[in-house]
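Basis for what follows: all heavy atoms, side chains included, without hydrogens, waters or symmetry-related copies.
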2 protein chains.
Amino acid sequence: MILPATSSAPAIPALPEGFRMTRQRQQVYDVLRDQRDHPTAADLFERTEDISLATIYNCLEALTSAGIVRQVSTDRSSARYCPNLHEHAHFHCSACGSVTDVDPKPRACSTTPWSLPTGSAVETVDTVIHGICPSCSN
Amino acid sequence: MILPATSSAPAIPALPEGFRMTRQRQQVYDVLRDQRDHPTAADLFERTEDISLATIYNCLEALTSAGIVRQVSTDRSSARYCPNLHEHAHFHCSACGSVTDVDPKPRACSTTPWSLPTGSAVETVDTVIHGICPSCSN
DNA sequence: GTGAATGCAAAACCTTTGCAACTGG
DNA sequence: CCAGTTGCAAAGGTTTTGCATTCAC
């Protein structure tokens, strides 16, 4: 007998001790993982069912501080969310508003190209490339 | 007779055709240029006189689209503004919240280290380095 | 003179919060 | 069981808007 394709096996990178994988958190993570278009909280609210908007925000906060989702700010509009944990930048099309992942070049310089003051401790680097995407260039 | 030090000579990079340099826009630009700590709209409202908050926002929008000021989004809090037009990144201290300019290393790789899809047109690249600044490391 | 910019207050928008009810481990 | 999570509605903070007045060119 074949089990119905329940939407979600955990399938999540190492979770912190004591992290509660609730139905809501799983659903939010599933949408992020399956539709990698960097949805906003409102997008996620529409794409899920029986989750309040406040809980969407709670889940995103929980997933973000658990380290399995990154928050992306391309402009002043709603925050977007990204389940890609590999080093990458975000390309933001100023025409259509889409946000896509951009990988580093195969053998790009390995050290930070920025002259940080002595004593600075780097936690994360967020790079947003604004421009026009191939589809909008036509 | 010595003239009182009126706050402002134009002293602004090439302005677009038809840009009206009003008193308010000049004052906002002067504060940005003289106190390069990346103030928010609310900061600028406090540091200027006889300018309404709505006008602060109008001025920032005007200066930004005129290309002489850049908007900086380090997190979800208020937008910050930067009059430094040279290529640089922003270091955001997650402890004290300060934002400082970071210059590129003298001979860092000259081309984008990102594999952009063919047909992408890059307009600007915003890099925010989150971490702990030297003062907060103590 | 005239279109653009300002000031005010109100509205819009995104996100967080307080608190009672519920639930995952 | 019970601390942590949810849902709701209300509040908070930031930014925008409508419109009459004022101003830069």
Given [N], is OP1 or OP2 found less than 4.0 Å from the side-chain N or O atoms of [X]?
X: B/Thr22; N: C/dA5; result: no
X: A/Arg25; N: D/dT5; result: yes
X: A/Gln24; N: C/dT23; result: no

Tell me if a side-chain donor or acceptor on [X] pairs with a main-chain N or O of [Y] at a distance below 3.5 Å.
X: A/Thr48; Y: A/Val28; result: no
X: A/Ser73; Y: B/Ser73; result: no
X: A/Arg36; Y: A/Pro83; result: no

Rounded to the nearest Å, what distance is computed from the [atom1] atom of residue [X] to the [atom2] atom of nucleotide [N]?
X: B/Gln27; N: C/dA5; atom1: CD; atom2: P; answer: 17 Å
X: A/Asn58; N: C/dT16; atom1: CG; atom2: P; answer: 9 Å
X: A/Tyr81; N: C/dC14; atom1: OH; atom2: P; answer: 12 Å
X: A/Ile56; N: C/dT17; atom1: CD1; atom2: P; answer: 18 Å
X: A/Leu15; N: C/dG24; atom1: CG; atom2: C1'; answer: 14 Å
X: A/Glu61; N: C/dT16; atom1: CD; atom2: P; answer: 8 Å
X: A/Leu53; N: D/dT6; atom1: CG; atom2: C1'; answer: 13 Å
X: A/Gln26; N: C/dG25; atom1: CD; atom2: P; answer: 11 Å

Q. Does a distance-only test, which skips hydrogens and angles, find a donor-acceptor pair under 3.5 Å between the side chain of A/Arg20 and the base of D/dA3?
A. yes
Measuring only between side-chain heavy atoms, which start at C-beta, is [X] closer than 4.5 Å to [Y]?
X: B/Gln27; Y: B/Leu44; answer: no
X: B/Thr112; Y: B/Val125; answer: no
X: A/Leu116; Y: B/Phe91; answer: yes

Q | Neighbours of DNA chain D within residues 40-51 of chain A, by heavy-atom distance under 4.0 Å | A | A/Asp50, A/Ile51
Q | Within residues 71-80 of chain B: residues closer than 4.0 Å to DNA chain D (heavy atoms) | A | B/Ser78, B/Ala79
[Y] and [X] side chains, donor-acceptor separation under 3.5 Å:
X: B/Gln71; Y: B/Arg80; value: no
X: A/Asp101; Y: A/His86; value: no
X: B/Asn58; Y: B/Thr55; value: no

Q: Provide the closest heavy-atom pair for B/Ser137 versus A/Gly119 in the form atom of the first, atom of the second, distance.
A: OG-O, 3.1 Å
**Q.** Single-linkage hydrophobic cluster A/Leu32~A/Val72, side-chain heavy atoms < 4.5 angstrom
**A.** no
**Q.** Of A/His90, A/His92, A/His130, the residue whose pairing with B/Asp126 passes side chain to side chain contact (heavy atoms under 4.5 Å, CB included)
**A.** A/His130
**Q.** Among D/dC25, C/dT15, C/dA5, the one nearest A/Tyr57 by side-chain distance
**A.** C/dT15
(Q) Please compare B/Phe19 and A/Ser52 by the position of their nearest nucleotide in DNA chain D and report the one closer to 5'. (A) A/Ser52
Q: Would you mind reading off the bend of the helix from C/dG1-D/dC25 to C/dG25-D/dC1 from its two end axes, five pairs each, to 10 degrees?
A: 50°
